[in-house]
2 protein chains.
Amino acid sequence: MKKSLDELIKELKEKNIRLTHQRLKVLEYLVNNRTHPTVDQIYKALKKEVPSLSKTTIYNTLNYLSELKLIKVVAIEDNEARFDGDTGDHGHFKCNSCGKIYDLDMDMDKCIPENLNGFRIDEKIVHFKGICKRCLSR
Amino acid sequence: MKKSLDELIKELKEKNIRLTHQRLKVLEYLVNNRTHPTVDQIYKALKKEVPSLSKTTIYNTLNYLSELKLIKVVAIEDNEARFDGDTGDHGHFKCNSCGKIYDLDMDMDKCIPENLNGFRIDEKIVHFKGICKRCLSR
DNA sequence: TTTCTACTTTGTAATGATTACAATATAATT
DNA sequence: AATTATATTGTAATCATTACAAAGTAGAAA
Ligand SMILES: [Mn+2]
Ligand SMILES: [Mn+2]
Ligand SMILES: [Zn+2]
Ligand SMILES: [Zn+2]
């Protein structure tokens, strides 16, 4: 679900996670930018507000927050990870023309095959790639 | 579909692609090893039979064959690509305990959401991760 | 408020998969 | 056998990510 920054901060407090300036800025960025940004995009944007910021901190923070299940990693590119403040089950569509990554509201459970009876499923990943409507109509 | 080596060779001939020793060995390996191997696994295995083999050739060959749609890339790991001789639509399950990647026969079209009306879909990717039946029963 | 300390951030170096490139080799045709 | 366009090979470069140690800080306690 799309949690607000306040809800995310509450979760950090409940788990006794330190509310560092950097962590709050990263969470704030992900809440305000629902574009599945890369590490570099987050880094460049926050560097302006926090000049001392290190890219390693972005990596550390994003890794930690995804371990805590406060954010999600979207591995839809082959060379670079993307991050998502929405931790609810949903799919993604990547347009190979404009590069935009769309969210897909869908019931992922509808596509679990019988083969997996007896398996424990921890992650469900559904990605589509192609050309988006907007790019097609041009 | 799971094509035989002969069928794959026929497709290469039809497309006027040179039947080099290395290409044939890579295709043969993928036909005989339905384990979604990594570049390094393919390289190490074939290096024994073809001592002059270069890892760059494995990369070149796999990239070329996947451009030609004769094989598929399976991007289910976050650090390393895997390759699949089965180009038919199917999903994958990765066991985080034993590392095995299972094939999932499934109707991918069943999980395309309405959101995508008007979009052109070129790739459909369905991945699950968790613990497999065999690992759970131990 | 000040002190304390465990945890965090930072900068730099290392890692590891993948790609670029140029020299050498070869498949397929003549 | 000669030719040539294409492929292979080895090495170096690239680039995202991680390892590590020194410096900094959040939060608790005095
Ligand atoms: Mn999303
Ligand atoms: Mn497969
Ligand atoms: Zn587009
Ligand atoms: Zn297993």
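By convention in this document, chain letters (A, B, ...) are assigned in the order of the sequence lines, proteins followed by strands, and residues within each chain are numbered from 1.
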**OP:** Go through the steps for H92(A) and L104(A) under the test side chain to side chain contact (heavy atoms under 4.5 Å, CB included), then give the verdict.
**Re:** CA-CA 5 Å; H92(A) 292 103; L104(A) 303 179; 5.6 Å; no
Original post:
Under the side chain to side chain contact (heavy atoms under 4.5 Å, CB included) criterion, do E11(B) and L68(B) qualify, and how do the steps go?
Top reply: CA-CA 10 Å; E11(B) 288 192 47; L68(B) 295 169; over 6 Å; no
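Residue-level contact check: T56(A) touches the bases, meaning some heavy atom is under 4.0 Å from a base atom.
Proximity of a side-chain donor or acceptor of S4(B) to a complementary backbone N or O of E7(B) within less than 3.5 Å is detected. Judged by distance alone, the side chain of R120(B) and the main-chain N or O of L136(A) form no donor-acceptor pair under 3.5 Å.
A straight line from CD of Q41(B) to P of dA17(C) spans 11 Å, rounded to a whole angstrom. Between L19(A) atom CG and dT9(C) atom C1' the separation is 16 Å, expressed in whole Å. Summarising the geometry, the separation between CZ on R82(B) and C1' on dA17(C) is reported as 14 Å, rounded to the nearest angstrom. Atom CZ in F83(B) sits about 7 Å away from atom P in dT18(C), given to the nearest Å. Put simply, CD on E77(B) is 16 Å from C1' on dT18(C), counting in whole angstrom units. One atom, CD of E80(B), and another, C1' of dT18(C), lie 11 Å apart when rounded to the nearest Å. Atom NZ in K55(A) sits about 13 Å away from atom P in dG11(C), given to the nearest Å. Separating the CG atom of N63(B) from the C1' atom of dA17(C) is a distance of 12 Å, rounded to the nearest angstrom.
Screening V126(B), N115(B), I112(B) against F128(A) for a side chain to side chain contact (heavy atoms under 4.5 Å, CB included) leaves a single residue, I112(B). For the side chain to side chain contact (heavy atoms under 4.5 Å, CB included) with L65(A), the qualifying choice from L8(A), L12(A), V73(A) is L12(A), the only one to do so.
The shortest side-chain heavy-atom distance between C132(A) and S97(A) does not fall under the 4.5 Å cut-off.
In this model, the phosphate group of dA27(C) is not approached by any side-chain N or O of T20(B) to a distance below 4.0 Å at OP1 or OP2. Distances shown here put every side-chain N or O of Y59(B) at or beyond 4.0 Å from the OP1 or OP2 atom of dT19(C). Applying the 4.0 Å criterion to OP1 and OP2 of dT26(C), one finds that Q22(B) has every side-chain N and O outside that range. Put simply, N60(A) has no side-chain N or O that comes within less than 4.0 Å of OP1 or OP2 on dT8(C).
Each end of the helix from dT1(C)-dA30(D) to dT30(C)-dA1(D) yields a helix axis from five base pairs, and these two axes differ in direction by 30° (to the nearest 10 degrees).
Residues V31(A) and I17(A) are members of one and the same hydrophobic cluster, defined by side-chain heavy-atom contacts under 4.5 angstrom among Ile, Leu, Val, Met, Phe, Trp and Tyr.
The distance between the ring centers of F119(B) and Y102(A) falls below 6.0 angstrom.
A residue-by-residue look at N16(A) and A81(A) shows that A81(A) has its nearest nucleotide of DNA chain D further toward the 5' end.
Applying the salt bridge (charged side-chain N to carboxylate O under 4.0 Å, His left out) rule to pairs touching residues 71-92 of chain B yields K72(B)-D89(B), E77(B)-R82(B), E77(B)-K94(B), D89(B)-K124(B), sequence neighbours excluded.
From the 5' end on, the contacts that DNA chain D makes with chain B at under 4.0 Å to a non-hydrogen atom open and close at dA5(D) to dT11(D).
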What protein N or O atoms touch nucleotides 3-6 of chain C N or O atoms at under 3.5 angstrom, if any, and at what distances?
residue: dA6(C); atom: N3; partner: R18(A); partner atom: NH2; Å: 3.0

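D107(A) meets the salt bridge (charged side-chain N to carboxylate O under 4.0 Å, His left out) test with K110(A); sequence neighbours excluded.
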Show the atom names and distances, to 0.1 Å, of all donor-acceptor pairs under 3.5 Å that link a side chain in residues 52-60 of chain A to residues at least two apart or in another chain.
residue: S54(A); atom: OG; partner: T56(A); partner atom: N; Å: 3.2
residue: K55(A); atom: NZ; partner: D40(A); partner atom: OD1; Å: 2.5
residue: N60(A); atom: ND2; partner: T56(A); partner atom: O; Å: 3.4

